[in-house]
Amino acid sequence: MKQLQIYLFLFLMIPLAVFAEDGSKLWLRFPAKNGISTSKIITKSNSATINIAKKELSSHWFGSAVELRLDPSLKNLKDGYTIKSVKNTTVISSSMENGLLYGVYHILRLQQTKVDLSKLNITEKPSYDLRFLNHWDNLDGTIERGYAGHSLWKWEDLPNKISPRYGEYARANASIGINATVLNNVNASPNMLRKDYLQKVKVLADIFRPYGIKVYLSVNFSSPKVLGGLENSDPLNKDVQKWWKDKASEIYKIIPDFGGFLVKANSEGQPGPQDYGRTHADGANMMADVLKPYGGMVMWRAFVYSPSKEDRAKQAYLEFTPLDGQFRENVIIQIKNGPVDFQPREAFNPLFGAMKKTPQMVEFQITQEYLGFSNHLVFLAPLFKETLDSDTYADGKGSTIAKLTDRSLRPEKMTAIAGVANIGEDTNWTGHHFAQANWYAFGRLAWNHNLSSDQIADEWLKMTFTDDQKFVNPVKKIMLTSRETAVDYMMPLGLHHIFANGHHYGPEPWGNYKGGRPDWSPVYYHQADRVGLGFDRTKTGSNAVSQYFSPLNEIYGNIKTTPENLILWFHHVPWDYQMKNGKTMWNELCFKYDSGVKEVRNYQNTWDSIKPYIDAERFSAVQGKLKIQQEDAVWWKDACLQYFQTFSKRPIPAEIEKPVHKLEDLKKIKLNMGHHN
Ligand code: GCV
């Protein structure tokens with residue numbers, strides 16, 4: 001009897017388990033056809049990629065007949081495509097098979113978001129040739145700055161045991177046009193290039209290939225010495241050059257379409273050419289030369305800063321601009337959006353546009369190292385767009401970072417964009433259900449940087465949850481304001497890097513790690529004193545403003561013309577400085593922190609009100625995360641205002657919620673989240 005009960009129980013549970021809304025399906029919730037007769041699919045092509053396209057259509061497409069047409073005359077669209085309604089057929093054309101697959105995902109998205117499918121006339125050309133995810137995954141399965149569990153890549157099991165998630169990962173990326181992936185951490189283990197690991201990488205490359213995704217690796221500059229037993233890794237040493245040449249030949253024998261290397265060199269303790277008195281160009285070019293015969297490329301990161309007296313925000317520019325024109329054709333400089341490090345808000349990196357002869361690409365961080373990990377709901381499309389739409393004035397007015405990096409303003413060369421992935425082995429891939437939207441948004445913007453944040457949020461919500469406007473409208477509002485809200489409760493008015501040491505989760509504006517590097521201490525960045533708050537980067541200070549093209553150098557150099565959302569980034573502002581709304585800087589700071597907290601509470605109320613429209617499981621998961629976010633916002637506000645008050649000596653305005661924590665108690669919090677800086 002007991003056994004029967006157990007069987008019955010199991011029997012009843014199975015359907016529930018199968019249909020549990022655990023987020024594992026991401027935005028890929030195309031309705032299943034379940035026996036409904038399939039639409040006609042016409043194509044002359046036959047390949048693994050086309051088979052995937054056909055399978056997606058036969059499983060999920062309810063519309064008219066579809067023709068997949070390879071058309072060499074569309075070469076100028078690269079892996080873009082056209083979609084046209086011709087009589088009763090939807091014709092997808094591209095000069096490349098990947099393009100046809102992207103076209104299929106496009107019409108499935110239109111179907112899912114209930115767009116009229118009868119008169120389609122669409123032309124899509126990607127903004128960037130290479131649309132990268134960068135995984136900071138270590139070979140031991142941990143992920144640097146990963147908040148969604150361990151790595152997807154099961155190096156111990158490979159090459160023999162294959163996780164079904166490798167294919168699901170490739171499919172999700174293809175559905176948004178991501179076509180390149182760097183599998184391992186930029187703090188790279190030399191072992192990544194060992195023969196046994198390359199055999200494992202090959203298995204992943206084989207799975208990703210039909211989805212149009214190429215594999216790249218981060219490499220450790222000291223590999224010849226550490227792995228090859230050479231005396232050094234000097235890029236001008238012939239033995240070192242030969243080692244890399246042989247390694248490239250070995251890699252391409254195993255993975256013929258291998259993409260190339262991503263390199264973090266002479267940065268945060270990583271080895272690099274400067275260890276031997278050589279330049280970044282010497283190092284990058286040596287690697288570029290060995291990859292060139294195979295069509296491979298080098299992405300050389302500009303995230304460098306040494307423990308010098310110079311303002312950290314100036315260093316990448318100082319090191320890289322003198323090297324302009326010295327890099328090989330197949331080198332591209334990969335530059336973080338801001339000059340410090342993925343802060344909630346930074347001025348854009350002045351290196352963009354400043355190297356006129358060298359291709360440059362943007363690196364964004366999708367994983368929320370500085371934005372509440374996978375606990376806070378922060379939709380990043382507005383942050384990405386803020387950078388891309390920034391006018392550098394490098395080639396005159398209108399020289400936005402988007403137009404410089406997609407090379408619409410400069411002679412054609414390869415173009416790329418990268419996002420540091422937020423993906424792990426968590427069932428829902430990204431920890432927070434809404435963090436999936438950041439993976440999605442990055443992919444969509446890499447494909448088309450002209451899309452609006454609104455459109456991306458709208459698509460994603462409809463695909464991931466429901467198209468019921470009673471859900472979409474209020475929740476979209478949360479998404480679109482969420483980044484500014486996080487800035488308000490963490491670091492308003494241009495404050496930056498006042499995070500707790502190491503893990504970067506909570507506030508630690510009092511952090512002053514004597515003996516360590518000054519630029520790893522929050523007090524270095526906020527410079528609070530009796531007079532005021534903020535980092536003077538004008539002529540009287542570090543003069544970082546001089547790295548911007550005119551008129552930005554003058555605009556940022558003048559406190560009156562600096563946008564107020566960056567005022568503490570560029571200026572040391574007196575506590576009583578009058579802001580545009582008439583408040584003193586101190587009072588404005590108080591109101592900003594307070595409004596951040598209030599906004600999160602509004603999000604909670606909104607979220608509670610949409611309960612009827614979505615599944616209980618994801619509803620309560622997000623509800624729980626919002627609760628944490630609200631508590632964290634209060635923590636940020638109480639810590640920062642009470643700490644800065646010890647300098648401002650001014651009262652917190654009466655209209656503002658009184659602090660609920662004591663500063664001494666907050667100073668004692670030490671989260672055990674590890675990490676070095
Ligand atoms: C991969 C920041 C992060 C580091 C990261 C580094 C980088 O400093 O805290 O974890 O290392 O950026 O981008 O190289």
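Each ligand, and each atom within it, is numbered from 1 in the order the structure gives.
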Per-residue contact class, Val420 against ligand 1 - non-hydrogen pairs under 4.0 Å = neither
Ring pair (Phe, Tyr, Trp, His ring centres under 6.0 Å) between Phe499 and Trp636, worked out = CA-CA 10 Å; Phe499 291 93; Trp636 273 98; 5.4 Å; yes
query = Does a donor on one side chain sit under 3.5 Å from an acceptor on the other, for Asn266 and Glu319?
reply = no
query = Does the side chain of Asn187 come under 3.5 Å of the side chain of Glu144 through a donor N or O and an acceptor N or O?
reply = yes
request  = Find all atoms of ligand 1 within a distance of less than 4.0 Å from any non-hydrogen atom belonging to Phe303, and give their numbers and elements.
outcome  = 6 (C), 7 (C), 8 (O), 12 (O), 13 (O), 14 (O)
task = Within a distance under 4.0 Å of any heavy atom of Val186, pick out the atoms of ligand 1 and give their elements.
result = 1 (C), 14 (O)
ask   = His504 near ligand 1, heavy-atom distance under 4.0 Å?
value = yes
remark   = Near Glu369 (heavy-atom distance under 4.0 Å), the atoms of ligand 1 are 3 (C), 9 (O)
request  = Answer with yes or no whether Asn185 contacts ligand 1, where contact means a heavy atom under 4.0 Å from a ligand atom.
outcome  = yes
inquiry  = Would you say Asp311 and Ser542 are linked by a side-chain donor-acceptor pair, where the criterion is simply a distance under 3.5 Å?
reply    = yes
ask   = Do any nitrogen or oxygen atoms of Glu363 lie less than 3.5 angstrom from nitrogen or oxygen atoms of ligand 1?
value = no
query = Could an N or O of ligand 1 be found under 3.5 Å from any N or O of Trp136, whether backbone or side chain?
reply = no
query = Within a strict 4.5 Å, meaning less than it, do heavy atoms of the Tyr317 and Pro339 side chains meet?
reply = no
ask   = Does ligand 1 have any atom that is closer than 4.0 Å to a heavy atom of Lys336?
value = yes
query = Can you tell if the side chain of Gln436 reaches within under 4.5 Å of the side chain of Asn428, non-hydrogen atoms only?
reply = yes
query = Counting from 1, what ligand 1 atoms have a heavy atom of Arg145 closer than 4.0 Å?
reply = 3 (C), 4 (C), 9 (O), 10 (O)
key: Sub-4.0 Å atoms of ligand 1 with respect to non-hydrogen atoms of Glu144   = 1 (C), 4 (C), 5 (C), 10 (O), 11 (O)
note = Per side-chain contact (heavy atoms from CB on, under 4.5 Å), Phe442 is matched among Leu133, Ile176, Ile456 by Leu133
ask   = Any N or O on Lys264 sitting closer than 3.5 Å to an N or O of ligand 1?
value = yes
remark   = Paired with Phe208, the ring pair (Phe, Tyr, Trp, His ring centres under 6.0 Å) test is passed by just one of Tyr169, Phe258, Tyr166, namely Tyr169
